[in-house]
*Asks:* 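My structure is below; once you've seen it, I'll send some questions.
For reference, positions follow the sequence shown, starting with 1. Keep in mind the model is a prediction, meaning the values are calculated, not measured.
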Amino acid sequence: MVKKDERVDAYIARAAEFAKPILIHLRELMHSTCPDVEETWKWSFPVFVYKGAILCNMAAFKEHCAFGFWKASLMDDTDHLFDLQDKDGMGHLGKIYSLKDLPKDTVLKKYIRAAMKLNEDGIKVPARAKVAEKDKPELKVPDYFTAELSRNEQARLAFDAFSYSHKKEYLEWITDAKTEATRNKRMAQAIEWLQEGKSRNWKYSPNP
């Protein structure tokens with residue numbers, strides 16, 4: 001019996017028209033390759049689970065879709081699929097704008113089966129080694145962002161309470177802006193997320 005989740009149905013129905021055939025195809029490919037796969041809903045997008053562990057995930061954005069393998073770091077990238085990975089976004093196949101951007105089904109199925117084997121063998125992604133706080137370079141908060149934080153106590157308290165890595169993600173995102181307009185837009189978004197206690201990459205984090 002196909003184990004589908006109504007939340008995934010709704011997600012696809014709400015997606016932009018260009019995204020629907022991509023999501024539908026990826027979903028069907030997952031179920032045809034792994035009949036025992038289960039759908040669930042995590043971090044605001046569809047996730048596929050097999051043998052009690054996450055196998056893959058997919059998502060649709062305003063202009064592109066993304067598809068990722070949970071244990072990509074342990075997989076042999078024999079067909080160089082992961083060379084397409086967008087370093088600024090989620091997923092391992094790059095930004096998917098149409099069905100033409102997807103690898104051949106035979107290749108994707110091979111990768112899905114490889115991911116299945118890792119779950120079947122109970123292999124987990126090793127935890128990242130943590131660097132001691134004292135060994136990390138000091139984070140410099142720009143005056144313009146400090147000023148924005150000072151105007152919103154809730155956002156400031158959330159930022160101050162965040163871990164080193166979460167602070168760094170916000171600061172790099174803001175300071176990397178190419179124009180003042182972009183920087184101001186990012187700061188406004190940052191303040192909004194901070195008020196809600198969200199990290200910069202809350203959409204993609206297992207602990208948003």
Side-chain angles (χ1 to χ4, degrees), residues 3-5 7-8 11-12 15 18-19 21-131 163 165-166 168-169 172-173 176 198-208:
K3 301 175 182 178
K4 292 189 174 181
D5 192 310
R7 292 170 294 183
V8 179
Y11 184 84
I12 294 174
F18 84 89
I22 299 171
L23 298 176
I24 291 171
H25 184 76
L26 288 170
R27 187 188 199 186
E28 292 177 347
L29 198 65
M30 287 298 306
H31 285 281
S32 63
T33 308
C34 183
D36 292 328
V37 76
E38 298 180 41
E39 297 179 354
T40 188
W41 185 257
K42 292 180 181 290
W43 320 304
S44 300
F45 55 83
V47 170
F48 300 95
V49 174
Y50 177 61
K51 297 293 183 182
I54 297 175
L55 192 66
C56 300
N57 54 63
M58 66 180 185
F61 301 98
K62 186 179 294 185
E63 297 180 346
H64 73 278
C65 292
F67 184 79
F69 293 89
W70 191 250
K71 297 178 180 177
S73 62
L74 303 178
M75 295 170 63
D76 292 328
D77 188 17
T78 53
D79 292 81
H80 304 287
L81 289 195
F82 302 159
D83 291 349
L84 301 171
Q85 184 174 0
D86 177 12
K87 302 304 180 184
D88 296 324
M90 66 179 291
H92 297 102
L93 306 182
K95 293 181 178 179
I96 306 166
Y97 299 96
S98 72
L99 289 171
K100 295 180 181 178
D101 295 319
L102 287 173
K104 293 181 179 179
D105 285 358
T106 53
V107 174
L108 265 180
K109 285 185 175 183
K110 181 173 71 173
Y111 275 63
I112 293 170
R113 284 193 289 267
M116 289 168 60
K117 184 66 166 57
L118 291 172
N119 282 18
E120 289 167 356
D121 294 343
I123 298 175
K124 299 180 179 180
V125 178
R128 294 181 181 179
K130 295 184 178 180
V131 179
S163 65
S165 60
H166 282 345
K168 184 180 179 182
E169 288 169 354
E172 288 183 343
W173 183 49
D176 284 349
K198 294 178 177 177
S199 65
R200 158 75 178 94
N201 295 310
W202 63 273
K203 293 181 179 179
Y204 320 129
S205 170
N207 295 300

*Asks:* If you compare all heavy atoms of L26 against all heavy atoms of F67, which two are closest, and at what distance to 0.1 Å?
*Replies:* CD1-CD1, 3.8 Å
*Asks:* Can you measure from CD1 (I24) to CE (M58) and round to the nearest 0.5 angstrom?
*Replies:* 9.0 Å
*Asks:* For the pair I112 and M30, evaluate side-chain contact (heavy atoms from CB on, under 4.5 Å) and give the outcome as yes or no after the intermediate values.
*Replies:* CA-CA 7 Å; I112 293 170; M30 287 298 306; 3.6 Å; yes
*Asks:* For K100, enumerate each residue passing the side chain to side chain contact (heavy atoms under 4.5 Å, CB included) test, keeping only those at least two apart in sequence or located in another chain.
*Replies:*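 In terms of side chain to side chain contact (heavy atoms under 4.5 Å, CB included), with neighbours along the sequence ignored, K100 is linked to S98.
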*Asks:* Among all residues two or more places apart in sequence or in another chain, which pass the side-chain hydrogen bond (donor to acceptor under 3.5 Å, both in side chains) test with S32?
*Replies:*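 Once residues adjacent in sequence are excluded, S32 has no partner under the side-chain hydrogen bond (donor to acceptor under 3.5 Å, both in side chains) criterion.
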*Asks:* Indicate yes or no: at least one non-hydrogen side-chain atom of V37 is less than 4.5 angstrom from one of H31.
*Replies:*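 The answer is yes; the side chains approach within 4.5 Å.
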*Asks:* Could you tell me which residues satisfy ring-ring contact (aromatic ring centres under 6.0 Å, His included) with Y111, sequence neighbours excluded, listed by chain and number?
*Replies:* F82
*Asks:* Just grab all the salt bridge (charged side-chain N to carboxylate O under 4.0 Å, His left out) pairs involving residues 48-60, residues at least two apart or on different chains.
*Replies:* none
*Asks:* By ring-ring contact (aromatic ring centres under 6.0 Å, His included), which residues pair with Y11, not counting sequence neighbours?
*Replies:*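 Here the qualifying residues are W41.
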*Asks:* Do you know the tightest heavy-atom contact between P103 and L81?
*Replies:*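 It is CG-CD2, 3.6 Å.
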*Asks:* Where is the tightest heavy-atom contact between G91 and A66, given as atom of each residue plus distance?
*Replies:* CA-CB, 4.3 Å
*Asks:* Other residues, nucleotides and ligands only: do more than 12 of their heavy atoms fall within 6.0 Å of NZ on K4?
*Replies:*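 More than 12 heavy atoms, drawn from other residues, nucleotides or ligands, come within 6.0 Å of this atom.
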*Asks:* Just grab all the salt bridge (charged side-chain N to carboxylate O under 4.0 Å, His left out) pairs involving residues 25-36, residues at least two apart or on different chains.
*Replies:* D9-R27, R27-E39
*Asks:* Determine, step by step, whether C56 and Y50 satisfy the side-chain contact (heavy atoms from CB on, under 4.5 Å) criterion, reporting the C-alpha distance in whole Å, the side-chain angles of both residues, the deciding distance to 0.1 Å, and the verdict.
*Replies:* CA-CA 9 Å; C56 300; Y50 177 61; over 6 Å; no
*Asks:* Can you find a pair of side-chain heavy atoms, one from L23 and one from V8, that are under 4.5 Å apart?
*Replies:* no
*Asks:* Under the rule for side-chain hydrogen bond (donor to acceptor under 3.5 Å, both in side chains), what residues qualify as partners of E38, not counting sequence neighbours?
*Replies:*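 Once residues adjacent in sequence are excluded, E38 has no partner under the side-chain hydrogen bond (donor to acceptor under 3.5 Å, both in side chains) criterion.
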*Asks:* Mind checking whether P46 and D5 have side chains closer than 4.5 Å, heavy atoms only?
*Replies:*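 Side chain of P46 against side chain of D5, heavy atoms only: no contact under 4.5 Å found.
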*Asks:* Applying side-chain hydrogen bond (donor to acceptor under 3.5 Å, both in side chains), name anything that partners D176, two or more places apart in sequence or on another chain.
*Replies:*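 Checked D176 against side-chain hydrogen bond (donor to acceptor under 3.5 Å, both in side chains); zero matches.
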*Asks:* Tell me, please, which residues at least two apart from D105 pass salt bridge (charged side-chain N to carboxylate O under 4.0 Å, His left out).
*Replies:* none
*Asks:* Scan for salt bridge (charged side-chain N to carboxylate O under 4.0 Å, His left out) pairs involving residues 111-121, sequence neighbours excluded, and state none if there are none.
*Replies:*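 For residues 111-121: K117-D121.
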*Asks:* Would you indicate whether the side-chain heavy atoms of M116 and L55 approach each other to under 4.5 Å?
*Replies:* yes
*Asks:* Give me each pair satisfying salt bridge (charged side-chain N to carboxylate O under 4.0 Å, His left out) with a member in residues 54-79, each pair once, sequence neighbours excluded.
*Replies:* D79-K110
*Asks:* CZ/F48 to CD1/I54 distance, rounded to the nearest 0.5 angstrom?
*Replies:*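 Rounded to the nearest 0.5 Å, the CZ-CD1 separation comes out at 12.0 Å.
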*Asks:* Kindly indicate, with the supporting measurements, whether the criterion side-chain contact (heavy atoms from CB on, under 4.5 Å) is fulfilled by T33 and L108.
*Replies:* CA-CA 9 Å; T33 308; L108 265 180; over 6 Å; no
*Asks:* With side chains defined as the heavy atoms from C-beta onward, is the minimum distance between I22 and D101 less than 4.5 Å?
*Replies:* no
*Asks:* Could you pull out the closest heavy-atom pair between S73 and V125, with the gap in Å?
*Replies:* OG-CG1, 3.9 Å
